[in-house]
K.L.:
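Sharing a structure below in structure tokens format, with a few things to ask.
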Amino acid sequence: MITVRFAPSPTGNLHIGGARTALFNYLFAKHTGGKFILRIEDTDKERSKKEYEENIFASLKWLGMHHDELYRQSERMHIYKDYASKLAKSENTYKCFCTREELDKKRQLFEKMKRSYKYDGTCRKLSRAKGDKLKESGKPFVVRFKMPEEGETIINDLVRGKITFDNKELDDIILERTDGVPTYNFCVVIDDALMKITHIIRGEDHISNTPRQIQLYKALGFELPEFAHIPLILGSDKTRLSKRAGAAAVTEYEDDGYIPEAVINFLALLGCSYSPTEEIFPLGELIKRFNLPHVNKSAAIFDFTKLDYLNGYYIRQKTEAEIAALVRPFLIKAGITPGEELLLKVVKLEKGRLKKLTDILDSKYFFKEVKEYDTAGFEKYFKDPVKIALLEIYRKEAEGVSFEATNLEVFTKSFAEKNGKKLGELVHPVRLALTGKLISPGLFEVMETLGKELCLKRLEAVISLK
RNA sequence: GUCCCUAUAGACUAAGGGUUAGGUCACCACCCUUUCAAGGUGGCUGUAGGGGUUCGAAUCCCCUUAGGGACGCCA
């Protein structure tokens with residue numbers, strides 16, 4: 001059975017790049033009828049936090065990715081211990097008594113000499129007896145893995161093909177810290193093997209870890225899984241995704257008014273294609289079409305305009321009731337508690353115009369008094385007493401009109417004609433008076449939704465500016 | 001610095017030896033129209049550069065350049 005895993009460390013909120021890695025794993029699992037495992041890699045006690053773990057759960061849930069199994073590495077320490085002692089017995093590891101300070105010094109020295117740093121193997125050369133003696137003396141130590149010093153390690157990557165590393169480049173990685181807690185490279189290998197992960201799909205940033213891990217597989221006698229390293233996402237400045245350029249937490253996208261359908265579709269498109277001619281694919285369709293060979297090798301740049309487009313598209317696919325429910329929390333956050341009936345009417349008008357759910361705040365005027373007017377619009381329409389006078393007549397005549405959109409349109413058009421004006425000469429100032437803005441949904445629909453009373457009142461407010 | 005990876009328009013991608021290099025977003029124009037969207041029609045931009053291999057190269061090879069990643073008692 002095909003089994004994949006997403007293995008985040010709870011040292012921060014789930015960000016968009018992590019979500020994409022999760023998505024590719026999820027799509028692959030579901031496409032093949034396989035299993036999607038979520039594994040929390042919380043071996044770094046200092047930085048791992050429960051709140052981040054919860055953020056990861058919430059984000060995945062929001063995106064609609066459900067895991068089949070859940071593990072936490074912090075609950076599996078005894079397993080790693082077993083394998084550590086197994087490796088020690090087979091002489092694949094050694095105790096290293098070099099202190100952090102000593103190592104730092106060496107690193108700095110290498111840097112000064114413009115040479116690449118690699119652990120020099122000081123303690124690898126230590127005799128067993130000497131090592132045991134040092135241990136008994138109470139000197140703290142870490143456990144290192146003896147990397148092969150010759151030959152090469154080859155990754156047969158499902159995305160990139162063959163990647164070759166000279167074993168000389170591999171240094172003796174630390175398996176156990178001074179406090180006995182195992183490190184990432186050790187835990188992943190054991191977990192992936194024990195959880196029978198068949199395909200490791202992860203970011204390109206892990207390529208250089210892979211040969212080290214392959215050596216561990218070999219030393220532990222585990223069967224190798226398949227590897228697929230997916231390209232990273234770059235920010236709009238072509239450098240590593242930074243917060244400014246899009247690397248926000250998934251939950252921040254939610255707060256910004258994006259909907260999961262759009263985020264999923266957008267992320268799936270970065271670094272992968274599903275059709276030569278189409279790009280709109282909901283999750284179910286992505287699952288049907290996903291395939292590792294379709295994943296491409298180059299890093300993709302995060303582009304908000306496309307996300308916005310997709311978000312608008314998916315919003316338009318929803319029913320008005322659904323949109324109302326989605327948009328309501330954003331209004332409430334802005335201090336507006338909309339009545340259901342009015343909200344539904346507003347959504348009907350705004351539906352085709354929303355890119356983000358937060359855009360609903362552009363139509364605050366349905367729920368709140370208009371207190372200020374667009375400055376340019378004010379100059380253009382409200383400064384001239386002649387124009388105001390026209391509005392005054394319009395207002396007066398509107399009193400006797402039934403406020404349905406079609407009816408208002410007929411009335412306004414004939415009013416304009418009667419007064420020798422173009423329709424626009426009326427529509428724009430009226431819009432400004434009713435909404436405070438130069439831009440809104442169709443004016444007559446807006447008027448109908450606002451109702452006669454409010455419309456007349458707002459027109460009056462402008463007339464009295466005179 | 002060392003090792004590794006990558007390179008099709010402003011962005012995401014298709015074509016994996018033979019296509020007028022296709023699609024999507026963005027952009028521009030027009031249509032629709034009371035504004036903005038949405039929708040419709042049309043258009044603009046591209047194989048990083050240089051060498052090879054080949055009858056033929058975006059595609060295969062080499063070099064250059066550019067970008068990214070890794071080099072932690074982080075994951």
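Letters A, B, ... are given to chains in the order of the sequence lines, protein chains preceding strands, and every chain is numbered from 1. Just so it is clear, the values below take in all heavy atoms, side chains as well, and ignore hydrogens, waters and symmetry mates.
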K.L.:
Which whole-number value in Å describes the distance from A:Ile154 CD1 to B:C3 P?
P.N.:
18 Å

K.L.:
For A:Lys139, does the NZ atom have more than 12 heavy-atom neighbours from other residues, nucleotides or ligands under 6.0 Å away?
P.N.:
yes

K.L.:
Please work out if A:Thr412 contacts a base, only the sugar-phosphate, or nothing of the nucleic acid, heavy-atom cut-off 4.0 Å.
P.N.:
nothing

K.L.:
Roughly, in whole Å, what's the span from CG in A:Asn296 to P in B:U47?
P.N.:
19 Å

K.L.:
Quote, to the nearest angstrom, the P distance that separates B:A70 from B:A57.
P.N.:
38 Å

K.L.:
Tell me yes or no: between the side chains of A:Glu150 and A:Asn167, is some donor less than 3.5 Å from an acceptor?
P.N.:
no

K.L.:
Of the nucleotides B:C73, B:C12, B:A75, which has the atom closest to the A:Glu41 side chain?
P.N.:
B:A75

K.L.:
Just the rounded figure in Å: distance from P of B:A37 to CG of A:Leu357.
P.N.:
19 Å

K.L.:
Side chain of A:Glu169 only, please: which of B:C3, B:C5, B:C12 is the nearest?
P.N.:
B:C3

K.L.:
For nucleotides 66-72 of chain B, give me one character per nucleotide, 5' to 3': B if any protein heavy atom sits under 4.0 Å from the base, S if the only such contacts are to the sugar-phosphate, - if neither.
P.N.:
-SSSSSS

K.L.:
Output the rounded distance in Å from NZ (A:Lys45) to P (B:C73).
P.N.:
17 Å

K.L.:
Let me see the working for A:Arg47 and A:Asp44 under salt bridge (Lys or Arg N to Asp or Glu O under 4.0 Å), right down to the final yes or no.
P.N.:
CA-CA 6 Å; A:Arg47 297 198 301 150; A:Asp44 184 343; 3.0 Å; yes

K.L.:
Ignoring hydrogens and angles, state whether a donor on the side chain of A:Asp172 or A:Tyr94 is under 3.5 Å from an acceptor on the partner side chain.
P.N.:
yes

K.L.:
Could I get the full list of ring pair (Phe, Tyr, Trp, His ring centres under 6.0 Å) partners for A:Phe110, not counting sequence neighbours?
P.N.:
A:Tyr117

K.L.:
When you compare the side chains of A:Asn265 and A:Tyr314, does any donor N or O come within less than 3.5 Å of an acceptor on the partner?
P.N.:
yes

K.L.:
Could you state the atom-to-atom distance from CG of A:Leu170 to P of B:C4 in whole Å?
P.N.:
11 Å

K.L.:
Taking the same atom, P, in B:G42 and in B:G23, what whole-Å distance lies between them?
P.N.:
11 Å

K.L.:
Both distances below 3.5 Å, Watson-Crick or wobble geometry, any strand: find the nucleotide opposite B:U65.
P.N.:
B:A7

K.L.:
When the P atoms of B:G51 and B:A58 are compared, how many Å lie between them, rounded to an integer?
P.N.:
14 Å

K.L.:
So what's B:G46 paired with, Watson-Crick or G-U wobble, going by both distances under 3.5 Å?
P.N.:
none

K.L.:
Is the closest basic N to carboxylate O distance between A:Glu101 and A:Lys105 below 4.0 Å?
P.N.:
no

K.L.:
Rounded to whole Å, how long is the line connecting atom NZ of A:Lys95 with atom P of B:C73?
P.N.:
19 Å

K.L.:
Which residue lies toward the 5' end of RNA chain B, A:Pro231 or A:Leu354, if each is placed at its nearest nucleotide?
P.N.:
A:Pro231

K.L.:
Is the glycosidic torsion of B:G16 within 90° of 0, making it syn, or is it anti?
P.N.:
syn

K.L.:
Could you check which nucleotide pairs with B:A70 in any of the strands shown, counting Watson-Crick or G-U wobble with both distances under 3.5 Å?
P.N.:
B:U2

K.L.:
With the side chain counted from C-beta on, respond yes when A:Leu283 and A:Leu23 share a heavy-atom pair under 4.5 Å apart, and no when they do not.
P.N.:
yes

K.L.:
If a protein heavy atom is under 4.0 Å from the base, mark B; if only from the sugar-phosphate, S; if neither, -; do that for nucleotides 20-36 of chain B going 5' to 3'.
P.N.:
--BBBS--------BBB

K.L.:
If I pick the C1' atom on B:A66 and the same atom on B:C32, what distance separates them, to the nearest angstrom?
P.N.:
46 Å

K.L.:
Could you work out which one of B:U2, B:U6, B:C12 sits closest to the side chain of A:Ser298?
P.N.:
B:U6

K.L.:
In whole angstrom, what separates A:Ile163's CD1 from B:C3's P?
P.N.:
16 Å

K.L.:
Indicate whether any N or O donor in one side chain lies under 3.5 Å from an N or O acceptor in the other, for A:Thr122 and A:Lys106.
P.N.:
yes

K.L.:
Which part of the nucleic acid does A:Thr164 contact within heavy-atom distance under 4.0 Å: base, sugar-phosphate only, or nothing?
P.N.:
sugar-phosphate

K.L.:
Please measure how far the P atom in B:U54 lies from the corresponding atom in B:U20, and state the result in whole Å.
P.N.:
24 Å

K.L.:
Looking only at atom P, what distance separates B:A37 and B:A21, rounded to whole Å?
P.N.:
34 Å

K.L.:
Salt bridge check, A:Arg107 against A:Asp104: does any charged N sit closer than 4.0 Å to a carboxylate O?
P.N.:
yes

K.L.:
B:G10 and B:C27: how far apart are their P atoms, nearest whole angstrom?
P.N.:
15 Å

K.L.:
So that I can tick it off, tell me whether A:Lys81 and A:Glu176 are bridged by a salt bridge, with the cut-off set at under 4.0 angstrom between side-chain N and carboxylate O.
P.N.:
yes

K.L.:
Using the P atom in both, what is the distance from B:C71 to B:C28, to the nearest Å?
P.N.:
44 Å

K.L.:
Could you check how far CD1 of A:Ile323 sits from P of B:A38, rounded to whole Å?
P.N.:
15 Å

